[in-house]
Amino acid sequence: MNNLFDVGPEHDGQRIDNFLMARLRDVPRSRVYRMIRSGEVRVNKGRVRPQSRVANGDQVRIPPWAIQPHRETPRGGDYSWLDARIIHEDPELLVIDKPAGLAVHGGSGVSLGLIEALRAHRPEARFLELVHRLDRDTSGLIMVALRRRALLDLHERLRGNGVQKNYLALVAGDWPASRQSVDAPLRRSTLRSGERVVRVDETGQAAQTRFRLLESLRAGEIEYSLLQASPVTGRTHQIRVHCWHHGAPVVGDQKYGGERSLLAARAIGLQRMALHASQLRLPGWRGGEDLQLQAPEPVELTRALERLRT
């Protein structure tokens with residue numbers, strides 16, 4: 001198998017570590033960095049550092065052992081289901097309504113991810129990269145860049161106020177209408193089991209989420225609140241942890257919600273986490289008007305809400 005890769009114009013200026021990780025998805029991140037530092041990876045026959053950048057026309061050598069054929073996917077190679085999930089497409093950006101239960105990329109025991117399915121469905125595409133991520137059990141809008149310049153632009157927007165995202169969240173608890181913002185720093189840690197968790201911690205990174213109470217509901221003795229959540233920052237599990245921190249975990253959240261969250265899900269026949277990335281706004285996209293997109297409410301969430309309302 002050929003272990004030499006030519007760098008095209010769409011990857012001009014990309015860091016070598018990111019260039020490699022996009023191609024070696026089955027290789028652990030730590031191993032990729034060891035490959036670079038040990039000299040197993042060469043650019044134009046020379047050694048590089050992880051922060052070195054490749055240029056159009058460069059030739060990258062990757063050790064043959066690291067290049068593995070793609071694994072078979074559970075969907076048997078039929079990716080036509082993706083077409084019905086596309087909410088928006090232009091020459092630089094693809095926005096997809098990701099279903100709950102589908103990881104955004106493979107790894108950590110997950111053989112199929114959205115980006116792998118998309119690349120298999122569009123083998124002619126020269127550039128397909130995730131702009132951001134959604135948790136596996138969260139549904140809704142996710143952006144995929146079709147050009148490197150769009151990826152860089154959107155990353156810059158995400159660091160500022162250039163992307164506005166709204167989520168629909170059903171939580172187990174009575175959320176007061178007056179609680180319109182949660183500003184609580186978050187810190188990631190790893191348990192002895194290897195599981196990664198996020199907790200509110202004063203030593204963590206700043207995190208802010210704006211909330212709006214849409215509806216207060218009840219089933220028996222269980223109180224529910226339907227919220228619009230708008231993350232100002234983009235920390236891992238931010239909305240889920242901010243809700244849990246204030247005593248109202250997202251319904252069906254197995255990681256942070258505990259038995260209370262799962263009981264609330266069973267009471268209304270919901271078999272997924274009730275978090276949906278519903279709206280996306282890109283001001284002045286591609287120098288034109290604002291791009292405003294909306295993903296329809298998932299059928300299973302709609303049915304659960306109907307049960308609550310009746």
Side-chain angles (χ1 to χ4, degrees), residues 85 87 97-102 134-142 164-186 195 197-201 207-281 292-310:
R85 311 292 304 193
I87 299 296
D97 180 8
K98 184 189 82 67
L102 177 66
L134 286 180
D135 296 338
R136 181 176 181 176
D137 295 324
T138 301
S139 58
L141 299 175
I142 186 164
Q164 297 175 21
K165 295 185 287 184
N166 293 331
Y167 290 72
L168 196 62
L170 180 66
V171 300
D174 183 16
W175 190 277
S178 60
R179 185 184 295 142
Q180 298 181 4
S181 180
V182 173
D183 194 344
L186 302 177
E195 180 185 7
V197 296
V198 178
R199 293 285 187 267
V200 171
D201 191 310
Q208 182 183 11
T209 308
R210 297 194 180 104
F211 290 95
R212 182 160 68 92
L213 177 64
L214 302 177
E215 196 171 355
S216 296
L217 301 156
R218 175 183 287 272
E221 297 300 317
I222 305 175
E223 293 181 308
Y224 298 79
S225 299
L226 184 63
L227 308 175
Q228 176 182 284
S230 305
V232 178
T233 52
R235 310 303 179 201
T236 301
H237 301 169
Q238 177 174 311
I239 295 173
R240 297 164 64 184
V241 177
H242 276 173
C243 289
W244 167 77
H245 179 65
H246 279 277
V250 175
V251 172
D253 188 347
Q254 299 185 39
K255 193 179 190 74
Y256 298 105
E259 184 60 27
R260 177 183 176 189
S261 173
L262 300 182
L263 179 62
R266 288 195 294 269
I268 54 175
L270 188 61
Q271 297 181 355
R272 54 158 290 183
M273 185 169 68
L275 186 60
H276 177 63
S278 57
Q279 296 176 330
L280 177 68
R281 179 172 176 263
Q292 301 190 62
L293 304 173
Q294 183 162 340
E297 188 175 279
V299 173
E300 60 272 26
L301 184 55
T302 298
R303 289 173 179 169
L305 289 171
E306 288 174 351
R307 293 187 188 101
L308 273 172
R309 291 166 181 149
T310 57

Mark yes or no for whether [X], through its side chain, and [Y], through its backbone, hold a donor-acceptor pair below 3.5 Å.
X: Arg136; Y: Gly101; answer: yes
X: Gln238; Y: Gln208; answer: yes
X: Lys165; Y: Ala229; answer: no
X: Thr209; Y: Val182; answer: no
X: His242; Y: Ala184; answer: yes
X: His276; Y: Ala100; answer: no
X: Arg281; Y: Gln292; answer: no

Scan the side chains in residues 213-226 for donor-acceptor partners under 3.5 Å anywhere in the protein, sequence neighbours excluded, and list what turns up.
unit_1 : atom_1 : unit_2 : atom_2 : d
Glu215 : OE1    : Arg309 : NE     : 3.3
Glu215 : OE1    : Arg309 : NH2    : 2.8
Glu215 : OE2    : Arg309 : NE     : 3.1
Arg218 : NH1    : Gly220 : O      : 3.4
Arg218 : NH2    : Glu223 : OE2    : 2.9
Tyr224 : OH     : Ala264 : O      : 2.7
Ser225 : OG     : Gly173 : O      : 2.6
Ser225 : OG     : Trp175 : N      : 2.9

For the [atom1] atom of [X] and the [atom2] atom of [Y], what is their distance to the nearest 0.5 Å?
X: Ile268; Y: Leu305; atom1: CD1; atom2: CG; result: 7.0 Å
X: Thr233; Y: Leu186; atom1: OG1; atom2: CG; result: 7.0 Å
X: Leu168; Y: Ile239; atom1: CG; atom2: CD1; result: 10.5 Å
X: Leu280; Y: Ile142; atom1: CG; atom2: CD1; result: 11.0 Å
X: Tyr167; Y: Gln228; atom1: OH; atom2: CD; result: 12.0 Å
X: Ser139; Y: Leu102; atom1: OG; atom2: CG; result: 11.0 Å

Check the surroundings of atom CZ in Arg210: do more than 12 heavy atoms from other residues, nucleotides or ligands lie under 6.0 Å from it?
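Open.
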
Atom of [X], atom of [Y] and distance for their closest heavy-atom approach:
X: Val250; Y: Ser261; answer: O-OG, 2.6 Å
X: Thr138; Y: Leu275; answer: CG2-O, 3.4 Å
X: Pro296; Y: Ile87; answer: CD-CD1, 4.4 Å
X: Leu270; Y: Ala304; answer: CD1-CB, 4.1 Å
X: Ala248; Y: Val171; answer: O-CB, 3.3 Å

Would Arg199 count as a cation-pi partner of Trp244, with NZ or CZ less than 6.0 Å from the six-membered ring centre and within 45° of the ring normal?
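Yes, Arg199 and Trp244 form such a contact.
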
Pairwise salt bridge (charged side-chain N to carboxylate O under 4.0 Å, His left out) hits with a residue in residues 229-243, at least two apart:
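The answer is Asp135-Arg240, Arg240-Asp253.
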
All pairs passing salt bridge (charged side-chain N to carboxylate O under 4.0 Å, His left out) where residues 294-308 contributes a residue, at least two apart
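Residue pairs with at least one partner in residues 294-308: Arg272-Glu300.
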
Report yes if some heavy atom in the side chain of Leu308 is under 4.5 Å from a heavy atom in the side chain of Leu170; otherwise report no.
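Result yes, sub-4.5 Å side-chain heavy-atom pair found.
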
Is there side-chain contact between Cys243 and Tyr256, with at least one heavy-atom pair below 4.5 Å?
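Contact flag for Cys243/Tyr256 side chains = no.
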
